[in-house]
Amino acid sequence: MIERLAALEQRLINQHHRDLFLHTKHTIKSIDDLAEQHRLLSAAHAINGYKIIGSEEALFYETLSQAKEQILLTLEKTLDDLEHKGDKNYDKNFKDGVE
């Protein structure tokens with residue numbers, strides 16, 4: 001994921017839309033922070049004797065991973081639309097535009 005973000009950052013800088021990259025980076029960091037908060041809370045609960053259900057924990061982390069993947073895919077689609085702006089033969093990902 002880090003390599004994809006770096007490649008997207010370079011493409012966005014070339015398009016003069018670094019703000020889109022920073023927004024995505026901050027959003028993914030927020031999701032990572034949420035996962036860390038959840039991990040600490042789960043650890044505290046386990047120490048206090050609460051039963052942690054492993055399948056639910058796995059589902060939680062998988063859902064966060066899928067959310068981050070969708071955020072990156074949306075940024076990639078947005079960048080594709082920006083790079084093909086003005087191309088009549090390009091089928092846009094977002095019909096309402098990207099700017």
Side-chain angles (χ1 to χ4, degrees):
M1 183 172 289
I2 294 171
E3 296 85 20
R4 284 174 65 195
L5 271 174
L8 287 172
E9 179 182 23
Q10 190 58 42
R11 287 173 62 192
L12 284 164
I13 288 173
N14 292 340
Q15 289 290 325
H16 306 291
H17 289 285
R18 189 163 193 271
D19 54 335
L20 291 174
F21 168 75
L22 289 175
H23 179 271
T24 301
K25 183 178 171 183
H26 295 161
T27 303
I28 289 174
K29 170 118 175 48
S30 294
I31 292 172
D32 289 340
D33 291 346
L34 175 66
E36 179 64 14
Q37 289 172 1
H38 178 78
R39 186 188 68 77
L40 293 173
L41 180 63
S42 295
H45 283 169
I47 290 170
N48 287 323
Y50 294 110
K51 181 167 173 58
I52 304 298
I53 301 170
S55 61
E56 289 180 6
E57 291 295 307
L59 179 62
F60 175 77
Y61 288 110
E62 179 62 27
T63 301
L64 292 183
S65 177
Q66 289 173 358
K68 291 190 307 187
E69 179 64 27
Q70 287 302 311
I71 291 168
L72 278 179
L73 286 174
T74 302
L75 181 62
E76 288 172 345
K77 288 179 183 179
T78 301
L79 184 53
D80 286 343
D81 282 0
L82 284 170
E83 290 176 339
H84 291 94
K85 191 168 135 184
D87 186 353
K88 294 178 184 178
N89 297 320
Y90 178 72
D91 188 26
K92 295 179 183 179
N93 291 304
F94 301 104
K95 303 300 180 197
D96 59 346
V98 290
E99 289 194 277

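This is a predicted model, so every value here is computed, not measured.
- Linking Ile, Leu, Val, Met, Phe, Trp and Tyr whenever their side-chain heavy atoms come within less than 4.5 Å puts I31 and L75 in one cluster.
- Residues in residues 58-78 take part in these salt bridge (Lys or Arg N to Asp or Glu O under 4.0 Å) pairs, two or more places apart or across chains: R4-E69, R4-E76, D32-K68.
- The distance from atom NE2 of H45 to atom CD1 of I52, rounded to the nearest 0.5 Å, is 7.0 Å.
- Distance check, rounded to the nearest 0.5 Å: CZ of F60 to OG of S55 gives 14.0 Å.
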Step by step, work out the side chain to side chain contact (heavy atoms under 4.5 Å, CB included) result for Y90 and K85. CA-CA 8 Å; Y90 178 72; K85 191 168 135 184; over 6 Å; no
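- We find the CG-CG distance between L8 and L72 to be 6.5 Å, quoted to the nearest 0.5 Å.
- The main-chain N or O of Y50 is never found under 3.5 Å from a side-chain atom of N48 such that the two would form a donor-acceptor pair.
- If you chain together hydrophobic residues whose side chains sit under 4.5 Å apart, L73 and L20 never meet in one group.
- Residue K29 qualifies as open at atom NZ: its count of foreign heavy atoms under 6.0 Å is 12 or below.
- Rounding to the nearest 0.5 angstrom, the gap separating the CG atom in L12 from the CG atom in D19 is 8.5 Å.
- What you find for L64 and A35 is that their closest heavy atoms are CD1-CB, 3.6 Å.
- Grouping the Ile, Leu, Val, Met, Phe, Trp and Tyr side chains by contacts below 4.5 angstrom, directly or via other members, places I71 with F94.
- In this structure, NE2 in H23 is found 10.5 Å from CD1 in I28, a value given to the nearest 0.5 Å.
- Applying the salt bridge (Lys or Arg N to Asp or Glu O under 4.0 Å) definition to pairs two or more places apart or across chains, those involving residues 35-55 are E36-R39.
- Judged purely by atom type and a 3.5 angstrom limit, S65 has no side-chain atom pairing as donor or acceptor with the backbone of Y61.
- Formation of a donor-acceptor pair under 3.5 Å by the H26 side chain with backbone atoms of L22 is found in this model.
- No donor-acceptor pair closer than 3.5 Å links the side chain of N93 to the backbone N or O of D81.
- L40 CG to Q37 CD: the interatomic distance, rounded to the nearest 0.5 Å, is 8.0 Å.
- More than 12 heavy atoms of other residues, nucleotides or ligands sit less than 6.0 Å from atom NE2 of H38.
- A heavy-atom distance below 4.5 Å is not found between the side chains of F21 and R11.
- Inter-residue side-chain proximity for D80 and E83 is flagged as met; some heavy-atom pair is nearer than 4.5 Å.
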